[in-house]
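Okay, so here's the structure we're looking at.
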Amino acid sequence: ISMYHKEKSIQIKNSASALYNNLGVLRIAPRRLTYFAVVHANVVNMISASWDGLNYSHRQLQSKEPNVATSTSLIMQAAFCVLPSRDLLVVTSQKGIQMYESDGSIMVYWHALDTPETPTAQAVFARGISAVPDNYICVGVSSGAILVFDVPSKGSNITLYEVLEEHKESITDVASECSGSQECIANLVSADDGGNLCVWKSGEEFQLLNKIPGFDMTCSSVKLWKGTAVAGYGTGQIRLYEAVTGILHAEINAHARWIYSLDIAPFSGLLLSAAEDSFVRVWHLAMTPETNSMEVAHLHNECVTDTQICGAKFCDGDGYAFVVTGYDLSEIIRFVQS
């Protein structure tokens with residue numbers, strides 16, 4: 001029996017760029033809307049979709065640069081950040097970090113990246129975006145630093161609060177604890193191009209709790225759930241580590257090619273993985289109390305033929321529906337539980 005079936009796709013104005021985690025989803029329950037964000041070159045395509053599937057509205061956001069009329073700087077990622085009192089859309093590019101109201105209507109903050117005086121071989125960009133408990137938004141940069149922004153409950157008085165300098169290679173992804181459980185000591189995990197993971201505890205001062213070494217293979221996407229860091233790699237493997245100790249709970253040869261995106265439905269423990277090999281897979285994570293380790297079961301496969309998948313996200317906390325984007329695809333494909 002198939003667990004999910006394909007629903008009507010959502011059209012987007014431009015195709016998706018081949019970037020990690022290239023799909024943002026925000027559910028606006030009171031208005032029965034879902035917002036989607038997909039990056040194409042130097043534009044973010046935003047779609048607001050009603051739950052009945054009848055109404056769609058589109059908006060395009062350009063990457064911003066100081067004192068330039070039209071920007072050519074490439075956007076690396078667009079992600080929705082849910083904070084206790086507000087939601088923001090955060091866009092990262094080769095030039096800086098933009099923060100918008102969640103519907104994309106108003107830009108509330110712009111942070112320019114430090115560009116070296118002399119051109120270097122290494123590109124400058126920001127990538128890896130996550131809201132963290134209390135009122136912080138963390139954004140990774142190509143130098144390996146993580147910028148921590150303090151976001152007030154309203155208005156645009158956002159400040160750069162702290163810079164975490166632990167990674168030596170470009171940040172690929174940053175994620176916060178999504179189970180909502182208070183007893184998790186670690187609430188932030190960051191990954192880099194060398195596959196290294198850093199585990200953090202946020203607070204007035206962010207503390208580094210653990211470093212999990214990589215194997216010189218990019219960790220392209222990372223998630224944190226019930227104290228377990230779930231990491232997807234260029235090898236097509238997924239590894240599950242106990243975040244605070246670094247103990248490896250499981251290693252799955254999940255995909256034949258580079259993993260581009262992971263997502264977790266926090267209420268059900270469903271894990272979504274999507275890769276260059278055209279496959280999206282759904283797994284189930286469960287804590288085994290006796291052994292205190294995380295078990296993984298494979299539940300569902302979906303092949304999006306001839307598509308290099310670059311974004312996959314659940315639309316809700318239970319994993320009832322998920323959406324997928326692929327390189328050169330001008331649509332968001334939706335799957336719903338049967």
Side-chain angles (χ1 to χ4, degrees), residues 21 64 66 76-102 107-116 122-178 180 182 184-194 196-214 219 221-224 227 229 231 243-244 246:
N21 309 303
K64 185 184 180 313
M76 302 300 288
Q77 196 181 0
F80 293 101
C81 287
V82 176
L83 294 163
S85 54
R86 71 195 293 190
D87 302 333
L88 293 177
L89 171 67
V90 180
V91 177
T92 58
S93 73
Q94 295 171 315
K95 297 291 179 191
I97 298 159
Q98 296 161 251
M99 298 190 189
Y100 291 86
E101 294 296 352
S102 59
M107 185 160 78
V108 292
Y109 183 72
W110 154 251
H111 174 88
L113 290 175
D114 300 333
T115 43
Q122 195 168 10
V124 173
F125 57 85
R127 172 179 67 190
I129 304 164
S130 183
V132 192
D134 303 329
N135 286 297
Y136 301 112
I137 288 177
C138 294
V139 180
V141 287
S142 47
S143 66
I146 296 164
L147 309 182
V148 180
F149 296 96
D150 189 352
V151 182
S153 54
K154 53 179 190 290
S156 57
N157 193 15
I158 295 167
T159 53
L160 177 59
Y161 179 78
E162 195 176 348
V163 178
L164 310 176
E165 293 181 312
E166 197 60 50
H167 289 274
K168 303 289 177 275
E169 296 181 62
S170 300
I171 302 295
T172 46
D173 198 17
V174 180
S176 61
E177 173 62 53
C178 62
Q182 293 305 309
C184 293
I185 308 157
N187 58 14
L188 179 70
V189 63
S190 50
D192 69 25
D193 260 335
N196 306 290
L197 304 180
C198 285
V199 178
W200 309 86
K201 182 182 186 351
S202 71
E204 285 195 4
E205 265 184 32
F206 280 62
Q207 274 174 281
L208 177 71
L209 300 176
N210 190 17
K211 274 183 94 160
I212 300 170
C219 171
S221 193
V222 70
K223 288 284 172 264
L224 190 56
V244 177

Give a yes-or-no answer on whether the side chains of Asn187 and Ser202 include a donor-acceptor pair shorter than 3.5 Å. yes
Could you go step by step and tell me if Tyr109 and Tyr100 meet the ring-ring contact (aromatic ring centres under 6.0 Å, His included) rule? CA-CA 7 Å; Tyr109 183 72; Tyr100 291 86; over 10 Å; no
Reported CD1-to-CD distance for the pair Ile97 and Gln77, which is rounded to 0.5 angstrom: 11.0 Å
Residue pair Asn21 / Asp173, side-chain heavy-atom distance below 4.5 Å: yes
Exactly one of Tyr136, Trp200, Tyr161 should register a ring-ring contact (aromatic ring centres under 6.0 Å, His included) with Phe206. Which one does? Tyr136
Quick one, Leu113 and Lys95 - any side-chain contact, counting heavy atoms below 4.5 Å? no
Can you find a pair of side-chain heavy atoms, one from Lys201 and one from Leu188, that are under 4.5 Å apart? no
Is a side-chain donor or acceptor of Asp87 paired with a backbone partner of Val82 at a separation under 3.5 angstrom? no
For the pair Met99 and Phe149, evaluate side chain to side chain contact (heavy atoms under 4.5 Å, CB included) and give the outcome as yes or no after the intermediate values. CA-CA 11 Å; Met99 298 190 189; Phe149 296 96; 3.6 Å; yes
Just wondering, do Val148 and Leu160 contact through their side chains at under 4.5 Å, heavy atoms? no
I'd like to check Lys211 versus Glu166 (side-chain heavy atoms, cut-off strictly below 4.5 Å). Are they in contact? yes
Side-chain donor or acceptor of Ser130 paired with backbone N/O of Ser176 under 3.5 Å: yes
Near Ile185 CD1, under 6.0 Å, is it more than 12 heavy atoms from other residues, nucleotides or ligands? no
Minimal heavy-atom distance between Asn210 and Gly246, with the atoms involved, is ND2-N, 3.2 Å
Identified side-chain contact (heavy atoms from CB on, under 4.5 Å) counterpart of Leu224 within the set Val189, Leu197, Val174: Val189
Could you check if a side-chain atom of Leu89 sits within less than 4.5 angstrom of a side-chain atom of Glu101, using non-hydrogen atoms only? no
Over all atoms of both residues, closest heavy-atom pair of Val141 and Ala126: CG1-CB, 3.9 Å
Using modelled atom types and a 3.5 Å cut-off, is there a donor and acceptor pairing between side-chain atoms of Glu177 and backbone atoms of Gly227? yes
With rounding to the nearest 0.5 Å, note down the distance linking CD1 in Ile212 to SG in Cys198. 9.0 Å
With sequence neighbours excluded, residues passing side-chain contact (heavy atoms from CB on, under 4.5 Å) with Ser170: Gln122, Phe125, Arg127, Ser142, Asp193
Heavy-atom side-chain contact between Ile146 and Val139 under 4.5 Å: no
Grab the two heavy atoms, one from Glu204 and one from Glu162, that are nearest each other, plus how far apart they are. O-OE1, 4.1 Å
Once you round to the nearest 0.5 Å, how far does NZ of Lys154 lie from OG of Ser85? 8.5 Å
Contact between Val124 and Gln94 at the side-chain level, heavy atoms closer than 4.5 Å - yes or no? no
Should Ser190 and His167 be marked as a side chain to side chain contact (heavy atoms under 4.5 Å, CB included) after you check the CA-CA gap, both sets of side-chain angles, and the distance that decides it? CA-CA 9 Å; Ser190 50; His167 289 274; 2.7 Å; yes
Arg86 side, atom CZ; Ser102 side, atom OG - distance, nearest 0.5 Å: 9.5 Å
Looking only at heavy atoms, what is the nearest atom pair of Ala186 and Val199, with distance? CB-CG1, 3.3 Å
Atom CG in Leu88, atom CD1 in Ile158: separation rounded to 0.5 Å? 5.5 Å
Please give me the minimum heavy-atom distance between Pro152 and Asp150, naming the atom from each residue. CD-O, 3.8 Å
Measuring from Cys138:SG to Leu147:CG, what's the distance to the nearest 0.5 Å? 9.0 Å
